[in-house]
S.K.: 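Before I ask anything, let me first share the structure, which is written out below as structure tokens.
Values below: every heavy atom of this structure, side chains too, minus hydrogens, waters and symmetry copies.
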Amino acid sequence: MLDGLLTFFASHHAIRADKTLRDAGLDSQLIPGPKDLSPNCGTAVRFVFAERERALALLAERHVEVDEVHAYTPRTDGWRTRPSWRKGRS
């Protein structure tokens, strides 16, 4: 389960982090960064929170700058399926 979230100061660090983790055999997923957690960058990386020490060591070795590490649970209340107030969007 991808229950951890890495935030970054710049999107190129997020892209490098995702590649570094995948190349090392760790599960990761590049996602839009939640603005309430990190207004610095529009991109974040989900990963397995239990493997955070290994992930952070790999990223430090590759000089990937991480802003913060969060335990993360995605919303499940169906907020994306609600109708939009903007005309022409659903």
S.K.: Measure the CG-CZ distance between Asp3 and Phe49 for me, rounded to the nearest 0.5 Å.
M.R.: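 Output value for this atom pair is 7.5 Å.
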S.K.: Answer whether the closest heavy-atom distance between the side chains of Leu26 and Val48 falls below 4.5 Å.
M.R.: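 In short, these two side chains do not touch, never coming nearer than 4.5 Å.
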S.K.: Partners of Glu51 by side-chain hydrogen bond (donor to acceptor under 3.5 Å, both in side chains), sequence neighbours excluded?
M.R.: none
S.K.: Hey, what do you get for CZ (Arg52) to CG (Leu6), rounding to the nearest 0.5 Å?
M.R.: 11.0 Å
S.K.: With heavy-atom distances below 4.5 Å as the criterion, would you say the side chains of Val69 and Thr7 are in contact?
M.R.: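 SC-SC contact between Val69 and Thr7 ruled out.
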S.K.: Can Asp67 and Phe9 be said to form a side-chain contact (heavy atoms from CB on, under 4.5 Å), step by step?
M.R.: CA-CA 6 Å; Asp67 179 23; Phe9 292 107; 3.2 Å; yes
S.K.: Which residues pass the side-chain hydrogen bond (donor to acceptor under 3.5 Å, both in side chains) test with Arg54, not counting sequence neighbours?
M.R.: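 Not a single residue meets the side-chain hydrogen bond (donor to acceptor under 3.5 Å, both in side chains) criterion with Arg54.
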S.K.: I need the Met1 CE to Arg46 CZ distance, nearest 0.5 Å.
M.R.: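 So the gap between those two atoms works out to 8.0 Å.
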S.K.: Does CZ in Arg16 sit with more than 12 non-hydrogen atoms of other residues, nucleotides or ligands closer than 6.0 Å?
M.R.: yes
S.K.: Using every non-hydrogen atom in the two residues, find where Leu5 and Phe47 come nearest and quote the distance to one decimal.
M.R.: N-CE2, 3.4 Å
S.K.: Give me the one residue out of Val64, Thr20, Ile15, Asp18 that meets side-chain contact (heavy atoms from CB on, under 4.5 Å) with Val45.
M.R.: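 Going through the options one by one, the only one that passes is Asp18.
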S.K.: Between Ala14 and Thr43, which heavy-atom pair has the shortest distance, and what is it?
M.R.: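 Smallest interatomic distance, heavy atoms only, reads CB-CG2, 3.7 Å.
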S.K.: Do His63 and Glu65 have side-chain atoms, one donor and one acceptor, less than 3.5 Å apart?
M.R.: no
